[in-house]
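One structure is given here, and the rest of the page talks about it.
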2 protein chains.
Amino acid sequence: MVTQIRPTSLASEAFDRVVAAITSGEFEPGEKLSEADLARRLNVSRGPVREALQRLEGRLVSRVPHIGVRVIQFGKEELKELFYLREAMEGMAARLAATNGSDRWLKSLEELLEKHRSAIRSGGGRIYRQKSADEDFHFAIANASGCRNIKRLLLGEVYYQLRIHRLRSSSQPGRAEAALQDHREILQQLKNRDPEGAEAAMRRHIQAARESAIAALESAAATRELAEVN
Amino acid sequence: MVTQIRPTSLASEAFDRVVAAITSGEFEPGEKLSEADLARRLNVSRGPVREALQRLEGRLVSRVPHIGVRVIQFGKEELKELFYLREAMEGMAARLAATNGSDRWLKSLEELLEKHRSAIRSGGGRIYRQKSADEDFHFAIANASGCRNIKRLLLGEVYYQLRIHRLRSSSQPGRAEAALQDHREILQQLKNRDPEGAEAAMRRHIQAARESAIAALESAAATRELAEVN
DNA sequence: ACATCCAGAACTGTCAACAGTTGACGGATC
DNA sequence: GATCCGTCAACTGTTGACAGTTCTGGATGT
């Protein structure tokens, strides 16, 4: 079978590389990114790099005229705001998915949760796996909402930023199990075809995730302070 | 008082011009925008124009590699999705504003509504005024939410698209008055410092606006068809 | 010791030219 | 007459160079 020739460009390539570098921690939050330097490293001219950085503006980097771009800082306030936005958008996504999701899709979602369950069982301490699993679940719902707007913003704005945060603070103990339970509850409401209930369940889940994330952030800050004293 | 020196650039200038041109109807939905042509008209090189069009991608234009950008098409589905997104984000904004808005801000919001009331009274048929007035009200709440994420997305994504729609379909009769009544209700909930109530009121308001907008779109389509027959 | 000032380096904003792609037109073929 | 194919103009993607700005470090003066 012939596979499609994907029309790519240096700019998209550069975009992917920079995103990967930031979300994998290669660049620190607050670090300045030089167009010229990036262009040299990627072995392209400044044009495509410039385009890549422009696309990231407001998402992963902030840009100041005549000075350049920096990787965004991600403090407690920013984290809170990110979760407020998530709660709003994903709540609506769940509401819409309760109506628009097909029976076949519901089945596949159930199978996804089953996979997560056994992954947690066997994985034990390896919470990391759950992080991308969590993302899978939420992505599936954004997808099924049928609302391209919401899907685009969740993928292009929210999840990128979330990955930055996850990179630097580990989950609270027991969070994976709690999240799975929340996911089950959401699935149940979706199966009931109850938009109201699905939105409510999703919002409770994200509120809980927010509390957990903030607690994790604060405990990480406390640990760092302790380390500085010693 | 000294006023801030705004560091501007040809790219931002081009961005503003293109936004103005699209939201004022100078370019039709679906029309192709040529970088070279725009650059000639604006008397700059293609670089800044390219940057401006990139910033508009997904917001007011869609971009296809090697082909170019087109002004977005705005049909019934897109309109619905826009209002779902609005409902989610502005509902959350109202919720947050109920907690974060200062008493002084509440007072200024009340005065804003008073101005709108007298504008509608005296304006009579001139509904157009109410359109930007409506935007003022919603902007004020997004602002008071304190959530920079939501504010940025509402200003940069939602309201631009909304303006495109408003340009091409007039309000339903009596919509301005109904909207003002909704706004009053929202203000009351904000004054009560009731996050739950403020969100609910805002969501009802935007749901009503959605119904009205869709009805307006359909009646406009019906009128066009009638015109084609004759 | 400290603040100020001033070159030079490095960087961003902009431009004009080149390379590769797309879509359209017109002639050749069946 | 319809279809296919090659040619060509126009456009987008990319590049390297230039202009103007910001940052840096050392020299200068207090």
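Chain A is the first sequence line, chain B the second, and so forth, proteins listed ahead of strands; every chain is numbered from 1. All values below were derived from every heavy atom in this structure, side-chain atoms included, with hydrogens, water molecules and symmetry-related copies excluded. Everything quoted here is computed from the prediction, not taken from an experiment.
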**OP:** Figure out the CZ/P separation between B/Arg63 and D/dT12, and round it to whole Å.
**Re:** 10 Å
Original post:
If you measure only the distance, is there a donor-acceptor pair under 3.5 Å linking the side chains of A/Gln54 and B/Glu51?
Top reply: yes
**OP:** Could you tell me whether A/Lys32 atom NZ has more than 12 heavy atoms of other residues or ligands within 6.0 Å of it?
**Re:** yes
Original post:
NE2 of B/His66 versus P of C/dA24: gap in Å, rounded?
Top reply: 17 Å
Original post:
Do you see a donor-acceptor pair shorter than 3.5 Å between the side chains of A/His183 and A/Asp134?
Top reply: yes
Subject >> A/Ser169 (side chain) donor-acceptor with A/Arg166 (main chain) under 3.5 angstrom >> reply: no
**OP:** Please report, rounded to the nearest Å, how far the P atom of D/dT12 is from the CD atom of B/Glu35.
**Re:** 5 Å
**OP:** Under 4.0 Å from any atom of DNA chain C, heavy atoms only: list the residues of residues 37-55 of chain B that qualify, in numerical order.
**Re:** B/Val44, B/Ser45, B/Arg46, B/Pro48
**OP:** Can you tell me the distance, in whole Å, between the CD atom of A/Glu13 and the P atom of D/dT14?
**Re:** 10 Å
**OP:** List the atom of B/Arg59, the atom of B/Ile72, and the distance in Å for their closest heavy-atom pair.
**Re:** O-CD1, 3.4 Å
**OP:** State whether the number of non-hydrogen atoms from other residues, nucleotides or ligands found under 6.0 Å of B/Arg17 atom CZ is greater than 12.
**Re:** no
